[in-house]
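What you see is a predicted model; the values in this text were computed from it and never measured. Atoms considered below: every heavy atom in the structure, side chains included; atoms not considered: hydrogens, waters and symmetry mates.
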Amino acid sequence: MIPQSFEYFRPETISEAIALLKEHGDGAKILSGGQSLIPMMKVRLARPEYLIDINRLENLQYIKEEGGFLKIGGLTREADLETSSLIRSKYPIILDTAAMIADPQVRNLATVGGNLAHGDPANDHPATMLALGAEIIATGEDGERTIPITAFFLSVFTTALQHGEILTEIRIPIPPAGSGGAYFKLERKVGDFATVGVAAQVTLDGSGICRRAGIGLTNVGATPIKAVRAEDLLVGKTIDEQQISQAAQLAAEDAQPSSDLRGPAEYKVSMVRELTKRALVRASERAVR
Ligand SMILES: Cc1cc2nc3c(=O)[nH]c(=O)nc-3n(C[C@H](O)[C@H](O)[C@H](O)COP(=O)(O)OP(=O)(O)OC[C@H]3O[C@@H](n4cnc5c(N)ncnc54)[C@H](O)[C@@H]3O)c2cc1C
């Protein structure tokens, strides 16, 4: 099939883009990497009348540490994450995540902002951003507002972004010394969406006690899931085999997968348990390195 016809705009500034979104109302959609929107348009699951291409907007493609945050511009490509020396040296959990998304062709175009704004529970960055305690910066006609990642994913393909807002930045508090994270994903074949994915981020103090834990689950519910009970269990304890096993059990209990072509629900729950263990082991190893 071919997409329904649409009018195409390519604004040069954020304010121009926001004005176009306002002018054309609900019929308008933002186009960034196009790696989710264009496939949906081709099967007419999405039928925007006006496409506002934000690829020309300046200063939205960056990865930098500033003011206590790792800041990632909304138009930053997955490939930028993979080649960033900052991400490679300090944020292996983000590298794990980006490197498992689709294939190099998709990653050259797909943006981190689009991955989150799309609100697809099968996408990989949402779980990682939940584990890292990220914030989303949305820019609209009244300026910027900050949305905690825990309040961002509302339901399938629905986020807290309002019409007329552009996701311009992702902010991640710079983890203190003694922190480490990892993302594990089970996929049917390389490049597939996750059957199940688990992101884990921990901070250990000098005695090896866990001071912060973040755990996010991919594709086991209508939204990405923050495994809060598992996180709470780990804080204040030494992360050993027993604690990891108990946390993994709690994370598995919080998963709400459906049976589909990627496997029965019970299998996915078991995989959450197993991948949570693996992610916590790797995160702890990275934390003490
Ligand atoms: C073959 C294939 C395999 C894939 N496999 C994976 C995978 O394994 N894991 C994974 O996570 N993803 C996967 N994807 C999805 C890919 O990562 C998408 O590109 C990404 O989810 C959306 O980013 P985008 O920049 O392409 O957004 P677009 O497709 O341009 O937009 C997606 C949606 O988000 C909105 N949007 C985009 N940017 C913004 C913004 N800055 N502000 C507000 N709204 C915005 C658009 O209006 C649209 O509704 C795959 C895609 C393909 C084609």
Side-chain angles (χ1 to χ4, degrees), residues 33 36 63 65 69-74 76-82 84 86-102 106-107 110-137 147-153 159 167 169-175 179-187 192-203 212-221 223-228 230-231 234 247 251 254-255 271-272 275-287:
S36 289
I63 303 164
E65 285 184 332
F69 291 94
L70 170 70
K71 298 183 175 178
I72 300 174
T76 304
R77 314 282 162 179
E78 301 297 344
D80 297 331
L81 295 175
E82 286 183 280
S84 157
L86 177 61
I87 297 295
R88 287 192 162 266
S89 60
K90 280 190 70 178
Y91 299 90
I93 184 175
I94 296 180
L95 184 62
D96 290 349
T97 310
M100 295 208 73
I101 290 175
V106 170
R107 296 200 293 268
T111 66
V112 188
N115 194 284
L116 295 163
H118 192 45
D120 186 344
N123 277 0
D124 293 297
H125 280 298
T128 295
M129 295 304 165
L130 281 170
L132 288 166
E135 294 173 345
I136 301 297
I137 307 300
I147 309 168
I149 196 76
T150 45
F152 188 69
F153 302 106
T159 69
L167 191 164
E169 188 173 271
I170 301 107
R171 278 187 199 162
I172 296 161
I174 296 175
S179 299
Y183 183 67
F184 276 74
K185 171 176 175 179
L186 175 68
E187 50 190 2
D192 193 17
F193 284 93
T195 301
V196 165
V198 178
Q201 173 79 15
V202 297
T203 301
R212 182 190 174 277
I215 300 175
L217 313 180
T218 300
N219 215 9
V220 286
T223 61
I225 291 171
K226 189 164 166 34
V228 178
E231 296 172 353
L234 293 170
D254 284 351
M271 287 302 103
V272 169
L275 295 195
T276 303
K277 286 182 191 167
R278 293 185 195 186
L280 283 169
V281 168
R282 175 91 39 100
S284 307
E285 287 167 358
R286 286 174 170 169

How about His125 and Ile72: do any of their side-chain heavy atoms sit closer than 4.5 Å? no

Does [X] use its side chain to pair, donor to acceptor, with the backbone of [Y] at less than 3.5 Å?
{"X": "Glu231", "Y": "Ile215", "value": "yes"}
{"X": "Asp120", "Y": "Ala122", "value": "yes"}
{"X": "Arg107", "Y": "Ala99", "value": "yes"}
{"X": "Lys226", "Y": "Thr150", "value": "no"}
{"X": "Asp254", "Y": "Ala251", "value": "no"}
{"X": "Arg171", "Y": "Ile136", "value": "no"}

Minimum-distance pair of heavy atoms, taken over all atoms of [X] and [Y]:
{"X": "Thr111", "Y": "Arg77", "answer": "CG2-NH1, 3.6 Å"}
{"X": "Asp96", "Y": "Ala182", "answer": "OD2-CA, 3.3 Å"}
{"X": "Gln201", "Y": "Ser179", "answer": "NE2-CB, 3.8 Å"}
{"X": "Ala283", "Y": "Ala200", "answer": "CB-O, 3.7 Å"}
{"X": "Phe153", "Y": "Pro126", "answer": "CZ-CB, 3.4 Å"}
{"X": "Ala194", "Y": "Gly197", "answer": "CB-N, 4.1 Å"}

Step-by-step side chain to side chain contact (heavy atoms under 4.5 Å, CB included) determination, Leu132 to Ile94: CA-CA 10 Å; Leu132 288 166; Ile94 296 180; 3.9 Å; yes

Working to the nearest 0.5 Å, report the span between [atom1] of [X] and [atom2] of [Y].
{"X": "Leu280", "Y": "Leu275", "atom1": "CG", "atom2": "CG", "value": "11.0 Å"}
{"X": "Thr159", "Y": "His118", "atom1": "OG1", "atom2": "NE2", "value": "11.0 Å"}
{"X": "Thr218", "Y": "Leu186", "atom1": "OG1", "atom2": "CG", "value": "11.5 Å"}
{"X": "Leu86", "Y": "Glu65", "atom1": "CG", "atom2": "CD", "value": "4.5 Å"}
{"X": "Glu187", "Y": "Asn219", "atom1": "CD", "atom2": "CG", "value": "12.0 Å"}
{"X": "Arg282", "Y": "Ile93", "atom1": "CZ", "atom2": "CD1", "value": "11.5 Å"}

What's the verdict on side chain to side chain contact (heavy atoms under 4.5 Å, CB included) for Ile63 and Leu70, showing C-alpha distance, side-chain angles and the deciding distance? CA-CA 7 Å; Ile63 303 164; Leu70 170 70; 4.0 Å; yes

Walk me through whether Leu217 and Val196 qualify under side chain to side chain contact (heavy atoms under 4.5 Å, CB included). CA-CA 7 Å; Leu217 313 180; Val196 165; over 6 Å; no

Please report the C-alpha distance between Ser84 and Tyr91 in whole Å, then the side-chain angles of each, then the deciding distance to 0.1 Å, and finally whether the side chain to side chain donor-acceptor pair (under 3.5 Å) criterion is met. CA-CA 10 Å; Ser84 157; Tyr91 299 90; over 6 Å; no

Sequence neighbours excluded - salt bridge (charged side-chain N to carboxylate O under 4.0 Å, His left out) pairs with any residue from residues 125-135: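 Matches after skipping sequence neighbours: none remain.
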
Using the side chain to side chain contact (heavy atoms under 4.5 Å, CB included) rule, take Phe193 and Asn123 through it: C-alpha gap first, then chi angles, then the decisive distance, then the call. CA-CA 7 Å; Phe193 284 93; Asn123 277 0; 3.4 Å; yes

Residue set satisfying side chain to side chain donor-acceptor pair (under 3.5 Å) with Thr76, at least two apart, ordered chain then number -> none

